[in-house]
Amino acid sequence: MAELQTNPIQLYYWPTPNGWKISIMLEECGLPYEVVPVNIAKGDQFKPEFLAISPNNKIPAIIDPQGPDGAPISVFESGAILQYLGRKTGLFYPADERGRVEVDQWLFWQMAGLGPMAGQTHHFRIYAPEKLAYAIDRYTNETHRLYGVMNRRLADRDYLAGDYSIADMACIGWAKLWERQGQNVEEFPNLKAWLARMLARPAVKRGLSVNAEDKGKIDLATDKDAQKILFGQRAR
Ligand SMILES: N[C@@H](CCC(=O)N[C@@H](CS)C(=O)NCC(=O)O)C(=O)O
């Protein structure tokens with residue numbers, strides 16, 4: 001794939017579960033890319049040049065200088081980026097309709113379920129200045145339910161949808177943080193085995209380690225300025 005992509009893809013990124021989806025996919029596909037760090041704790045996501053490609057002020061986003069018909073294209077929303085890269089490369093995203101629908105269901109399940117719910121679980125368990133029992137229970141229980149869904153799905157298969165796909169890639173970064181979500185992976189043996197399978201993949205290891213050192217630059221649980229930037233947002 002690298003030989004077809006002569007100009008690197010620009011990956012607007014910070015090392016978080018949503019950012020990892022794309023660093024993992026780019027590593028799996030062997031596509032050349034350059035990381036553009038977007039420090040979301042410092043407000044880089046509100047810079048006009050970033051908003052021009054990611055109007056929702058969130059990472060990840062990409063610019064592919066070799067987009068459709070060879071013209072540049074930018075893409076935001078991690079699920080849309082995964083689908084775009086899957087279509088572009090023909091990798092990890094089946095071309096046949098049945099296979100594609102299978103992957104789409106589990107990709108959207110992650111995008112609308114596991115990601116947002118586990119994100120709220122992190123928020124109320126770790127970052128919220130007040131420990132609100134109702135919110136903690138609500139999101140911890142919902143994350144538990146979602147882990148159960150995934151565990152059942154994986155009872156008779158190695159991957160969420162057909163072969164290893166973008167649906168699995170979307171879930172890895174979230175599921176690996178099960179402890180922070182107040183979960184016990186021992187309750188979900190099929191998910192545990194899947195996670196071990198995913199984390200053993202060299203490209204997943206590389207994807208998860210992209211700019212890992214940046215992670216340590218923010219402690220969202222204590223950094224009041226970062227909390228204000230990330231948790232107090234209103235329409236601009
Ligand atoms: N639905 C979006 C969610 C992305 C998202 O939540 N990104 C977070 C980091 S994991 C972010 O950039 N937050 C910055 C902000 O909210 O200002 C996607 O999947 O791309």
Side-chain angles (χ1 to χ4, degrees), residues 9-26 33 35-64 73-86 92-93 103-128 139 142-143 146 160 165-178 180-181 207-212 214-221 223-236:
I9 289 173
Q10 308 290 304
L11 170 61
Y12 290 76
Y13 168 93
W14 196 251
T16 71
N18 288 314
W20 292 328
K21 294 174 189 173
I22 312 305
S23 52
I24 290 171
M25 177 64 168
L26 289 165
Y33 66 100
V35 175
V36 182
V38 180
N39 187 336
I40 57 174
K42 292 270 185 265
D44 286 357
Q45 69 272 40
F46 298 108
K47 291 185 175 162
E49 60 273 26
F50 181 66
L51 289 174
I53 60 164
S54 187
N56 195 36
N57 67 260
K58 291 182 192 285
I59 64 98
I62 62 165
I63 297 178
D64 180 0
I73 189 171
S74 66
V75 191
F76 73 100
E77 277 294 328
S78 58
I81 302 170
L82 288 172
Q83 290 176 320
Y84 169 74
L85 293 173
F92 309 110
Y93 192 33
V103 169
D104 283 346
Q105 290 174 91
W106 287 94
L107 179 64
F108 280 69
W109 175 84
Q110 189 290 321
M111 294 297 301
L114 183 64
M117 293 301 121
Q120 294 301 325
T121 310
H122 288 169
H123 181 83
F124 286 108
R125 293 185 70 90
I126 302 170
Y127 306 132
Y139 289 111
E142 177 61 1
T143 303
L146 290 162
L160 285 169
S165 75
I166 55 174
D168 299 289
M169 293 180 212
C171 294
I172 296 166
W174 290 98
K176 92 182 184 81
L177 299 178
W178 52 269
R180 287 162 62 89
Q181 297 151 21
L208 291 173
S209 67
V210 171
N211 288 16
D214 281 347
K215 194 96 188 146
K217 291 183 186 162
I218 309 177
D219 183 1
L220 266 187
D223 186 332
K224 295 268 173 274
D225 291 335
Q227 287 176 358
K228 205 179 280 175
I229 288 171
L230 282 166
F231 305 148
Q233 295 181 17
R234 289 165 62 83
R236 293 177 169 228

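Whatever order the structure lists ligands and atoms in, that order sets their numbers, starting from 1. Quick note: residue numbers are just sequence positions, from 1.
- Within ligand 1, the atoms closer than 4.0 Å to a non-hydrogen atom of Gln233 are 15 (C), 16 (O), 17 (O), numbered from 1 in the order shown.
- Between Ile59 and ligand 1, an N or O atom pair is found at a separation short of 3.5 Å.
- Less than 4.0 angstrom separates some heavy atom of Met111 from each of these atoms of ligand 1: 19 (O).
- With a heavy-atom cut-off of 4.0 Å, Asn57 touches ligand 1 through backbone and side chain alike.
- Protein heavy atom nearest atom 5 (C) of ligand 1, with residue, atom name and distance: Asn18 ND2, 3.3 Å.
- Taking the ring centre of Trp14 as origin, the terminal cationic atom of Lys215 falls outside the region bounded by 6.0 Å and 45° from the ring axis.
- Inspection of the Asp64 and Gln10 side chains reveals no N or O donor paired with an N or O acceptor under 3.5 Å.
- Among protein heavy atoms, atom 16 (O) of ligand 1 sits closest to Lys58 NZ, 2.7 Å.
- The closest approach between any non-hydrogen atom of Pro60 and ligand 1 is below 4.0 Å.
- When atom types are taken as modelled, the side chain of Gln181 and the backbone of Trp174 share a donor-acceptor pair closer than 3.5 angstrom.
- The two residues Asn211 and Pro15 come nearest to each other via the heavy atoms O-CG, 3.4 Å.
- With a 4.0 Å heavy-atom cut-off, ligand 1 is reached by the side chain of Leu230 but not by its N, CA, C or O.
- Residue Asn57 is tested with Lys47, Gln233, Gln45, Arg236 for a side-chain hydrogen bond (donor to acceptor under 3.5 Å, both in side chains); the sole match is Gln233.
- Under the side chain to side chain contact (heavy atoms under 4.5 Å, CB included) criterion, Asp225 pairs with Asp223, not counting sequence neighbours.
- Residues passing the salt bridge (Lys or Arg N to Asp or Glu O under 4.0 Å) test with Lys217 are Asp214, sequence neighbours excluded.
- Within the cation-pi definition used here (under 6.0 Å to the ring centroid, within 45° of the axis), Arg125 does not qualify as a partner of Tyr139.
- Against a heavy-atom cut-off of under 4.0 Å, Gln45 is close to the following atoms of ligand 1: 14 (C), 15 (C), 17 (O).
- Of all protein heavy atoms, the one lying nearest to atom 10 (S) of ligand 1 is Thr16 OG1, 3.0 Å.
- Residue Glu77 touches ligand 1 through backbone and side chain together, judged by heavy-atom distances below 4.0 Å.
- Of the listed residues (Pro17, Ser78, Ala61), the one carrying the non-hydrogen atom nearest atom 19 (O) of ligand 1 is Ser78.
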